Amino acid sequence: MNIILLGSPGAGKGTQATALEEATGMKHIASGDMFRTAVKEGTPLGKLAQSYLDNGELVPDDVVIGMVLERVTRPDCANGVIFDGFPRTPEQARALQEALQNHDDCISAVLLLHVPKEALIQRVIGRWTCRNCQAVYNTYYLAPQEAGICDECGGDLYQRSDDNLETINHRLEVYTAQTMPLVAHYRQQGILHEIDGQGDVNEVTVRMVQAMTLANPC
Ligand code: AMP
């Protein structure tokens with residue numbers, strides 16, 4: 001089974017994908033995380049991607065498609081993939097569908113997380129992540145006990161370079177213009193499941209797991 005998580009920046013795709021990975025044994029593949037790792041390591045891919053990330057723009061389709069489709073050929077993806085942040089354009093969706101079909105595989109379900117704009121902005125501009133264990137905090141409603149330090153492991157907390165008010169507004173515009181068309185595309189295929197992404201994290205996970213029980217087998 002392969003699942004796509006759709007939703008605006010800050011909708012909770014990363015948090016929910018991590019929970020679903022634990023619950024299902026499927027592999028969580030996050031294109032944004034792959035780019036951030038490449039930027040941190042200073043690889044050629046990271047150097048190419050950095051200005052796009054900093055400005056809230058999408059990395060060109062051919063680069064993203066090549067990176068993700070190579071990643072899913074590795075053995076840890078054999079039990080199915082939870083795609084987080086990919087596809088983000090119709091061209092990426094087409095390339096993914098074609099690659100899966102070539103392996104007699106398919107997209108079983110697309111889970112669309114709905115969160116109102118004000119909440120999205122608060123989630124994004126208040127977000128801090130642990131460099132060590134990737135635990136996520138929020139200065140507005142889930143602050144760490146000591147500012148800048150992870151409660152779980154004592155690691156340093158950092159803010160993403162694109163998690164600021166100016167960039168988030170642009171990222172939301174990019175989402176509306178380039179990614180929203182995928183909602184109609186997957187709805188027409190009958191594999192779109194819309195989920196309320198507000199409230200307790202565990203309750204949202206329960207809604208996602210329930211939606212997955214309705215997924216199409218490939
Ligand atoms: P995310 O962590 O999913 O919010 O992604 C952070 C940034 O990585 C985005 O603003 C883009 O610059 C880049 N990125 C991640 N996934 C994609 C994608 N599928 N297509 C193009 N750019 C992407």
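It should be emphasised that the depicted structure is a prediction, and the values quoted were computed from it without experimental measurement. Both counts, for ligands and for their atoms, begin at 1 and track the order of listing.
- Closest heavy-atom approach to atom 3 (O) of ligand 1 among the candidates Arg88, Gln92, Lys13, Gln178: Arg88.
- Between Cys153 and Cys130, the SG-SG separation does not fall below 2.5 Å.
- For ligand 1, one of its N or O atoms has an N or O atom of Glu57 under 3.5 Å away.
- Numbered from 1 in the order shown, with element, the atoms of ligand 1 that lie under 4.0 Å from a heavy atom of Arg171 read 4 (O).
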side-chain hydrogen bond (donor to acceptor under 3.5 Å, both in side chains) between His170 and Asn55, intermediate numbers included: CA-CA 8 Å; His170 184 56; Asn55 296 317; over 6 Å; no
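- Using a 4.0 Å cut-off between charged nitrogen and carboxylate oxygen, Arg171 and Glu57 do not count as a salt-bridge pair.
- Residue Leu58 has at least one heavy-atom neighbour below 4.0 Å for each of these atoms of ligand 1: 21 (C), 22 (N).
- The Leu53 neighbourhood of ligand 1 comprises atoms 7 (C), 8 (O), 12 (O), 13 (C), with distances under 4.0 Å to a heavy atom of that residue.
- Interface atoms of ligand 1 facing Tyr52, defined by a heavy-atom separation under 4.0 Å, are 12 (O).
- By the 6.0 Å contact criterion, CG on Asp196 is enclosed, its count of non-hydrogen atoms from other residues, nucleotides or ligands being greater than 12.
- Judged by distance alone, the side chain of Lys47 and the main-chain N or O of Ala38 form no donor-acceptor pair under 3.5 Å.
- Inclusion of Val59 in the set of residues having an N or O under 3.5 Å from an N or O of ligand 1 is warranted.
- No more than 12 heavy-atom neighbours from other residues, nucleotides or ligands sit within 6.0 angstrom of CD on Gln145.
- Using a distance-only test at 3.5 Å, with no hydrogens or angles considered, a donor-acceptor pair links the side chain of Thr205 to the main chain of Val201.
- Taking distance alone, with nitrogen or oxygen atoms compared against 3.5 Å, Gly85 approaches ligand 1 more closely than that limit.
- By the 4.0 Å heavy-atom criterion, Arg160 is counted among the residues contacting ligand 1.
- For the ligand labelled ligand 1, residue Arg36 lies inside the 4.0 Å heavy-atom shell.
- Taking each heavy atom of Thr179 and Arg88 in turn, the nearest pair found is OG1-O, 2.8 Å.
- Within ligand 1, the atoms closer than 4.0 Å to a non-hydrogen atom of Val64 are 18 (C), 19 (N), 20 (N), 21 (C), numbered from 1 in the order shown.
- Tyr141 is listed as a side-chain neighbour of Arg123, based on a closest heavy-atom distance under 4.5 Å.
- Looking only at protein heavy atoms, the nearest one to atom 16 (N) of ligand 1 is Ser31 OG, 2.8 Å.
- The protein heavy-atom contact nearest to atom 23 (C) of ligand 1 is Phe35 CE1, 3.9 Å.
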